[in-house]
Amino acid sequence: MIFVIVSYKKDADRPDTVTDVSHLGAPFIADVLGMDVDRLTDVYVITEDHVRQLSPHVDMSFDLATHDYHLEVQAD
C-alpha cells in the first residue's frame, strides 16, 4: 500500500500538494486513525489530533486554518 497526504486549500477543487508518507507504515497510520490495519482502504480526513501525531514523523507543515488534509490509501 501507498499512503499519501493530500493538501487542498480551503474551498479548492484541486490538490495543493501530495506528500508520500508510506515510510510511516500501515501499523502506525492505522494507529493514528484509530482503526485496524486491514480496514485501511479509503480516504480519511486529517484532524487536529492526527496532525499532532503525524507532524513529528513527516517532512511537511500543516495549516488547518487555510488547508484541508486527507490521507489517501492507494494500491501499489
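Because the structure is a prediction, the values reported are computed rather than measured.
- Annotation: the span from Arg39 atom CZ to Thr41 atom OG1 amounts to 7.5 Å, rounded to 0.5 Å.
- Looking at Ile5 and Phe62, their side chains come closer than 4.5 Å, going by heavy atoms from C-beta outward.
- Atom CG in Asp16 sits 4.0 Å away from atom NE2 in His67 (nearest 0.5 Å).
- Here the side chain of Asp36 pairs no donor or acceptor atom with the backbone of Asp38 at under 3.5 angstrom.
- Atom CE of Met35 is separated from atom CG of Asp42 by 8.0 Å, given to the nearest 0.5 angstrom.
- Side-chain contact check for Asp49 and Thr47: no donor-acceptor pair (N or O, by modelled atom type) lies under 3.5 Å.
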Between Leu71 and Leu33, does a side-chain contact (heavy atoms from CB on, under 4.5 Å) hold up when you go through it step by step? CA-CA 10 Å; Leu71 186 130; Leu33 296 174; 4.2 Å; yes
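- If you look at His70 and Tyr8, their ring centroids are closer than 6.0 Å.
- Counting heavy atoms from C-beta on, the side chains of Glu72 and Tyr44 never come closer than 4.5 Å.
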Which is it for Phe28 and His57 under the ring-ring contact (aromatic ring centres under 6.0 Å, His included) test, yes or no, and what are the steps along the way? CA-CA 10 Å; Phe28 177 80; His57 305 284; 4.9 Å; yes
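- A heavy-atom distance below 4.5 Å is found between the side chains of Leu54 and Ile46.
- For CG of Asp59, the number of neighbouring non-hydrogen atoms (other residues, nucleotides, ligands) closer than 6.0 Å is 12 at most.
- The closest side-chain heavy-atom distance from Asp11 to Asp68 is not below 4.5 Å.
- Here OH of Tyr69 is found 9.0 Å from OG1 of Thr19. Values are rounded to the nearest 0.5 Å.
- Remark: Met60 CE to Ser55 OG distance equals 8.0 Å, nearest 0.5 Å.
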